[in-house]
Amino acid sequence: MIETERLILRQWRDEDYPIFAQLNADPTVMRYFPELMSREESDAQAGRISRHIANKGWGFWAVELKSSGEFIGSRIQ
């Protein structure tokens, strides 16, 4: 886990998946990506990311706001 003044970068949790899927289905969020993702595609990607972090110790960490504990996306570190 990595912390800044406002954010926590951490391993993924099951409760992050629905919010991540909403982000991946939003045309504004995904405007620079090839296509929107279905819930199944998004969940599969989150699972791959989580396994990569578990195996390698780095990757696209889940990002949460320290003040609220709210998952707000992903960031590589």
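The side chain to side chain donor-acceptor pair (under 3.5 Å) search around Glu3 returns Lys66, not counting sequence neighbours. For Gln22, there are no side-chain contact (heavy atoms from CB on, under 4.5 Å) partners at least two apart in sequence or on another chain. Scanning for ring-ring contact (aromatic ring centres under 6.0 Å, His included) contacts around Phe71 gives Trp12, with sequence neighbours left out. Annotation: side-chain contact (heavy atoms from CB on, under 4.5 Å) contacts of Glu40 (sequence neighbours excluded): Ser38. Scored by the salt bridge (charged side-chain N to carboxylate O under 4.0 Å, His left out) test, Arg13 finds Glu64 as partners (sequence neighbours excluded).
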*Test Leu7 against Ile72 for side chain to side chain contact (heavy atoms under 4.5 Å, CB included), laying out the working first.*
CA-CA 10 Å; Leu7 304 173; Ile72 60 168; 3.9 Å; yes
*Taking it one step at a time, do Gln45 and Asn24 satisfy side chain to side chain contact (heavy atoms under 4.5 Å, CB included)?*
CA-CA 10 Å; Gln45 183 179 51; Asn24 288 327; 4.0 Å; yes
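In this structure, OG in Ser68 is found 11.0 Å from CZ in Arg6, a value given to the nearest 0.5 Å.
For the residue pair Ala21 and Ser42, the shortest heavy atom distance occurs at CA-OG, 3.2 Å. The two residues Val63 and Leu9 come nearest to each other via the heavy atoms CG2-CG, 4.2 Å. What you find for Leu36 and Met30 is that their closest heavy atoms are CD2-CB, 3.6 Å.
In the hydrophobic clustering of ILVMFWY residues, with side-chain heavy atoms under 4.5 Å counting as a link, Ile49 and Tyr17 come out together.
The list of side chain to side chain donor-acceptor pair (under 3.5 Å) pairs with a residue in residues 47-57, not counting sequence neighbours, reads Gln11-Ser50. Annotation: salt bridge (charged side-chain N to carboxylate O under 4.0 Å, His left out) contacts involving residues 22-39, sequence neighbours excluded, comprise Arg39-Asp43.
Other members of the cluster containing Met1 are Ile8, with ILVMFWY side chains joined at under 4.5 Å, either directly or via other members. In this structure, Tyr32 shares a hydrophobic cluster with no other residue, the cluster being traced through Ile, Leu, Val, Met, Phe, Trp and Tyr side chains under 4.5 angstrom apart.
Using a 4.5 Å cut-off on side-chain heavy atoms (C-beta onward), Trp61 and Ile53 make contact.
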